[in-house]
Every structure is written in C-alpha cells, then in structure tokens.
Undergrad: 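Submitted below is the structure of interest, expressed as structure tokens.
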Amino acid sequence: MSTAKKSLWNKDYTLVVLVNIFTSIGFYFVQPTLPRYVTGLGISLATAGFISGMFSIVALFCRPFTGAVADRISPKKILQIALPMEAAAGVCYGLIPSVPWLILCRTIHAIGFSFVGTVIIVFGSQFIPRERMGEGIGYLGMGNILGTAIGPGLGLALGSRFGYKYAFICGGLIILAGFFLILLTENREIEVSSKRTFSFRNLISVKLIPLSFLNGLFSFSNGLISAYLSMHADVMGITGVGAYFTVLAAFLFIVRPIAGKWTDKHGLLWTVVPGYIMTGVGLLMIANARSLGILFVAAGFMAFGQGGAQPAFQSACVKALPNEQRGIATSTYYMFADIFQGFGPMIGGRIAELTSPEGHIVYTPLYTLCSSIMAAGLVLFMIYNYTQKKKGIVL
C-alpha cells in the first residue's frame with residue numbers, strides 16, 4: 001500500500017500519534033518522580049543521580065542500532081517488543097527498593113525507550129504522504145510536547161498523594177495502553193537487502209551527520225535549560241519558574257503543525273534560519289531575565305525557534321534517504337541530539353563554575369554562551385547550505 005494518497009489523518013497514522021502521546025505521558029510519569037523516590041529510600045543523592053543519569057548513557061549507546069534494526073525488521077514487530085519493555089520497567093521500579101534492581105529497570109527502560117523513540121518515527125512515516133512529511137512528523141512530535149506538559153505534574157501529584165510506586169505503575173499502564181493501540185495498526189512490509197550487514201555505514205548515515213550536528217545544537221540548549229533553569233531563576237529572584245515549561249509546551253502545541261506545513265512548502269532553509277535566530281534571542285532573554293513574564297516571552301521565542309527547526313531537520317533526514325533506510329535516517333538524526341542533551345549539563349555545569357565569581361554560582365554567562373552557539377550554528381548551516389547548493393541540492 002503506497003503513502004501517495006493525500007490524506008494525512010488516516011486511521012493508522014492517527015493511532016501512531018496516539019501511541020506516541022501515551023508513551024510520552026507514561027515516560028514523564030516516571031522521569032521526574034524517580035529521583036525523589038530513590039532519595040526517599042535513603043539512597044544517597046550521588047547514587048540517585050547515577051541511576052537517573054545512566055538512562056541517557058544507555059540510550060546513547062543503543063540509538064545507532066535502533067535504526068539499523070528498524071530497517072531489517074517490521075517496525076510494528078519492534079514496537080510490540082519495545083513498548084512492553086518500557087511498560088514493565090515503569091511498573092517494576094517500585095517493586096523492589098534496591099539499587100541493583102533499580103539499575104536493571106533503568107537499563108531495560110532505556111533500551112525500550114531508545115527503540116520506541118526511533119521506530120515510532122519510522123513506522124509513522126510509512127503512513128505519511130511524502131509531500132506532507134514535515135507536517136506529519138510535526139504532529140508526531142506533539143506526543144513529546146503533551147508528555148512534557150501533562151506527565152510530570154500528574155506523576156508528582158499522584159506520587160505525593162498515594163506513593164511514588166503507584167505513579168510508576170500508572171505510567172507503565174499508560175504505555176501499555178499504547179501497546180494495545182499499536183496492535184490495531186496495519187502491517188507494512190519493508191524492503192530489506194539480505195546483503196546488508198551491521199557495519200558502521202549501515203548504523204549511521206555519514207551524509208546526514210552535518211544535519212544531525214546542526215540539529216543537536218538545539219538539544220545542547222535544551223539540556224542546559226532543563227538542568228539549570230530553576231537554579232538560574234533562584235539567582236535572579238524569580239519564583240514559579242516551573243510555569244515556563246507549561247508555557248513552552250503551549251506554544252509548541254501551536255507551532256509544531258504550522259512549522260511542518262511551512263517546511264513542506266518553503267523548504268529547510270526558510271525554517272532553520274529563523275529557528276536559530278529566534279532560539280538565540282530566547283536564550284539571551286533567559287540569560288538576563290528578571291521576571292517570570294520575561295521568561296514566558298522567552299518561551300515563545302524558544303518554541304517558535306527550536307519547535308520549527310528541529311522537526312524540519314528530522315523531516316529532511318527522513319526524506320534524504322530511501323524508504324528502506326528510514327531507520328538509519330532517524331537514528332542518525334537523534335545521534336547528536338542524544339550526545340548534546342546528555343553531556344550538555346555536565347559541560348554546562350563546569351562552564352558555570354568557571355565563569356562565576358568565587359563562592360557564588362551564576363548562570364547568565366552560560367545562557368549567553370548558548371546564544372552565541374546558536375549564532376555559530378546559523379553560520380555553519382549557511383555554509384552547509386552553500387556547499388549543498390553547489391552540488392545542485394536545494395534544502
């Protein structure tokens with residue numbers, strides 16, 4: 001069955017979008033509650049940080065293999081394995097309160113998460129008309145936005161009222177609901193070459209590495225905002241900073257589908273250039289914010305900037321390779337996003353220490369530097385666009 005038909009919201013695509021929403025909400029039921037649960041067991045903060053942080057490390061090492069597997073095995077079959085892995089890990093966090101058990105659950109969760117994150121895009125793209133790929137991937141990304149907006153608050157509220165193990169169980173059950181929805185989708189045959197092996201070239205697309213790197217710069221900033229915004233707000237005397245993420249999610253909910261249609265119509269260049277500029281402005285506003293209102297305005301700039309650019313990069317990666325290599329395209333897209341998201345806070349913390357007066361950590365120089373990174377990214381993208389144009393490739 002071809003994806004040439006114009007309808008985007010067909011039954012299968014709609015089900016995949018719902019699965020992504022359920023998976024994201026379930027994930028964010030667990031993510032912010034786990035450190036509190038672990039420290040509540042009397043486990044040290046350093047160990048809690050290790051258990052929480054090892055997720056990104058395991059996911060980083062798994063991601064390159066997820067795309068290659070998705071190009072060899074039916075994405076639906078992979079999701080039928082990976083979704084229950086995520087669900088089981090979520091439920092099992094609260095069963096045995098010991099460090100080895102939590103590490104095992106965290107590892108299983110990270111592996112399942114890595115496969116679901118890549119394969120859901122590969123599977124969903126099979127039901128998107130090629131000429132509406134940007135719009136379709138933009139809507140797929142809405143799952144992460146809703147998960148960020150809904151999951152943490154509900155998970156923490158449930159954990160505080162009834163105990164965190166019940167939050168884990170509910171998160172696992174929500175992901176399990178996504179598993180049952182995936183069973184209702186159509187089976188799609190994939191084109192596989194029996195001669196393809198698990199070599200580096202079949203794990204990562206070298207031609208997409210520049211796009212992956214340029215996209216990853218946005219994730220570097222995301223990692224630093226997630227890690228240090230609350231502490232930056234404390235230094236600047238701003239209260240209620242958690243509302244920033246709600247406002248950001250609300251803006252992203254509006255931006256994603258509009259940006260996808262814009263990319264499909266005008267191309268990557270006219271989405272990414274404004275994306276770098278607006279994200280850079282948003283980071284400067286965060287760096288110098290003295291009130292919650294300024295942070296809300298910054299959230300708007302960040303949403304319109306990265307909320308347009310990142311799905312555009314993802315759509316470009318998916319469209320750049322043949323259909324039978326969409327798994328490799330997706331895992332390559334995520335490569336630098338995982339690296340910068342995971343190691344960004346580590347690097348950023350050290351930068352904050354080096355740029356702060358003795359005995360008093362400040363974060364304004366860190367976010368100002370991030371804005372400069374966006375400017376550098378814009379320059380690098382323009383150079384990349386120029387080299388592609390000389391090859392006759394229009395971005």
Undergrad: Give a yes or no on whether the ring-centroid distance for Phe168 and Tyr37 is below 6.0 angstrom.
TA: yes
Undergrad: For a quick test of reading the model, state the closest non-hydrogen atom pair linking Val273 to Met382 and the distance between them.
TA: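 Shortest heavy-atom contact: CG2-SD, 3.7 Å.
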Undergrad: Do Val30 and Tyr166 belong to the same hydrophobic cluster, where Ile, Leu, Val, Met, Phe, Trp and Tyr are linked whenever their side-chain heavy atoms lie under 4.5 Å apart, directly or via other members?
TA: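 Val30 clusters together with Tyr166.
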Undergrad: Quick one: sort the Tyr276 and Phe381 rings into parallel, tilted or perpendicular, breaks at 30° and 60°.
TA: tilted
Undergrad: Restricting to non-hydrogen atoms, name the atom on Leu283 and the atom on Ser371 that form the minimum distance, rounded to 0.1 Å.
TA: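 Scanning both residues, the minimum pair turns out to be CD1-N, 3.9 Å.
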Undergrad: Tell me if a side-chain donor or acceptor on Thr364 pairs with a main-chain N or O of Asn288 at a distance below 3.5 Å.
TA: no
Undergrad: Nearest 0.5 Å please: distance from the CE atom of Met285 over to the CE atom of Met302.
TA: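 Reported value, rounded in 0.5 Å steps: 11.5 Å.
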Undergrad: Checking side-chain polar atoms at under 3.5 Å, does Ser114 have a donor or acceptor matched by the opposite partner on Thr66?
TA: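 Absent: no donor and acceptor within the cut-off.
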Undergrad: Grab the two heavy atoms, one from Ile328 and one from Asp71, that are nearest each other, plus how far apart they are.
TA: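 What the structure gives for the nearest pair is N-OD2, 3.0 Å.
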Undergrad: Is it true that a side-chain atom of Lys165 and a backbone atom of Gly159 form a donor plus acceptor pair closer than 3.5 Å?
TA: no
Undergrad: What I want to check is whether the side chains of Gln314 and Asn215 have a donor and an acceptor closer together than 3.5 Å.
TA: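 Looking only at side-chain atoms, Asn215 and Gln314 do not form any donor-acceptor pair under 3.5 Å.
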Undergrad: Step by step, would you call Phe301 with Phe251 a ring-ring contact (aromatic ring centres under 6.0 Å, His included)?
TA: CA-CA 9 Å; Phe301 274 92; Phe251 276 119; 9.5 Å; no
Undergrad: Parallel, tilted or perpendicular: which describes the rings of Phe313 and Phe218, with under 30° parallel and over 60° perpendicular?
TA: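 Aromatic pair Phe313/Phe218 classed tilted.
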Undergrad: Is there a side-chain contact between Ile43 and Leu102, using heavy atoms and a 4.5 Å cut-off?
TA: yes
Undergrad: Could you tell me whether Tyr384 atom OH has more than 12 heavy atoms of other residues or ligands within 6.0 Å of it?
TA: yes
Undergrad: To the closest 0.5 Å, what do you measure between CG (Leu83) and OG1 (Thr23)?
TA: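 Reported value, rounded in 0.5 Å steps: 5.0 Å.
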Undergrad: Between Met374 and Leu378, is any pair of side-chain heavy atoms under 4.5 Å apart?
TA: no
Undergrad: Start with the C-alpha gap between Leu224 and Cys370, add the side-chain angles, then the distance that decides, and say whether side chain to side chain contact (heavy atoms under 4.5 Å, CB included) holds.
TA: CA-CA 9 Å; Leu224 296 181; Cys370 282; 3.1 Å; yes
Undergrad: With hydrophobic residues grouped by side-chain heavy-atom distances under 4.5 Å, do Leu284 and Ile277 end up in a single group?
TA: no
Undergrad: Taking Ile21's backbone N and O only, do any of them form a donor-acceptor pair with Ser24's side chain (distance below 3.5 Å, no angle check)?
TA: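 A pair under 3.5 Å: no.
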Undergrad: Could you tell me if the side chain of Tyr334 sits less than 4.5 Å from the side chain of Thr118, heavy atoms only?
TA: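 Thr118 vs Tyr334: side chains touch.
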Undergrad: Can you tell me if Ser315 uses its side chain to pair, donor with acceptor, with the backbone of Pro311 under 3.5 Å?
TA: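 Judged by distance alone, no pair lies under 3.5 Å.
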Undergrad: Below 4.5 Å, heavy atoms only, C-beta onward: do Met85 and Ile111 meet side chain to side chain?
TA: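 Answer yes - side chains close enough.
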Undergrad: Report yes if some heavy atom in the side chain of Ser205 is under 4.5 Å from a heavy atom in the side chain of Gln325; otherwise report no.
TA: no
Undergrad: Would you call the rings of Phe340 and Phe336 parallel, tilted or perpendicular, taking 30° and 60° as the class edges?
TA: tilted
Undergrad: With the 4.5 Å side-chain cut-off for hydrophobic clustering, are Phe304 and Tyr244 part of the same group?
TA: yes
Undergrad: Find out whether Val17 and Thr14 are in side-chain contact, i.e. whether some heavy atom of one side chain is under 4.5 Å from a heavy atom of the other.
TA: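 No, side chains not in contact.
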Undergrad: Has the side chain of Tyr228 got a donor or acceptor atom that lies under 3.5 Å from a matching backbone atom of Gly349?
TA: yes
Undergrad: Are Met278 and Ile258 linked, directly or through other ILVMFWY residues, by side chains that come within less than 4.5 angstrom of each other?
TA: no
Undergrad: Show me the side-chain donor-acceptor pairs of residues 90-100 shorter than 3.5 Å, one per line, residues at least two apart or across chains.
TA:
unit_1: Tyr93; atom_1: OH; unit_2: Arg106; atom_2: NH1; d: 3.2
unit_1: Tyr93; atom_1: OH; unit_2: His109; atom_2: ND1; d: 2.8
unit_1: Ser98; atom_1: OG; unit_2: Trp101; atom_2: N; d: 3.4

Undergrad: Has the side chain of Tyr363 got a donor or acceptor atom that lies under 3.5 Å from a matching backbone atom of Met236?
TA: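 Checking the backbone N and O of Met236 against the side chain of Tyr363, no donor-acceptor pair under 3.5 Å is found.
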Undergrad: Relative to each other, are the rings of Trp262 and His266 parallel, tilted or perpendicular (30° and 60° limits)?
TA: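 Trp262 vs His266 ring planes: tilted.
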Undergrad: Is it true that a side-chain atom of Arg326 and a backbone atom of Pro322 form a donor plus acceptor pair closer than 3.5 Å?
TA: no
Undergrad: Kindly say whether the aromatic ring centers of Phe127 and Phe123 come within a distance under 6.0 Å.
TA: yes
Undergrad: Run the salt bridge (Lys or Arg N to Asp or Glu O under 4.0 Å) check on Arg63 and Asp338 step by step: do they pass?
TA: CA-CA 8 Å; Arg63 187 79 76 174; Asp338 288 338; 2.8 Å; yes
Undergrad: Going only through I, L, V, M, F, W and Y residues with side-chain contacts under 4.5 Å, is there a path from Val362 to Leu295?
TA: yes
Undergrad: Please check: side-chain N/O of Thr185 versus main-chain N/O of Asp12, any donor-acceptor pairing under 3.5 Å?
TA: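 Judged by distance alone, no pair lies under 3.5 Å.
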Undergrad: Compare every heavy atom of Ala177 with every heavy atom of Phe22, then report the nearest pair and how far apart it is.
TA: CD2-CB, 3.8 Å
Undergrad: Please report the closest heavy-atom contact between Val122 and Gly327, naming both atoms and the distance.
TA: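 Here Val122 and Gly327 meet closest at CG2-CA, 3.5 Å.
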Undergrad: Between Cys170 and Phe29, what is the shortest heavy-atom contact and its length?
TA: CB-CE2, 3.9 Å
Undergrad: Taking the side chain as everything from C-beta on, heavy atoms only, tell me whether Cys105 gets closer than 4.5 Å to Ile108.
TA: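 Side chain of Cys105 against side chain of Ile108, heavy atoms only: no contact under 4.5 Å found.
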Undergrad: Should Tyr333 and Leu208 count as side-chain neighbours, where that means a heavy-atom distance under 4.5 Å?
TA: no
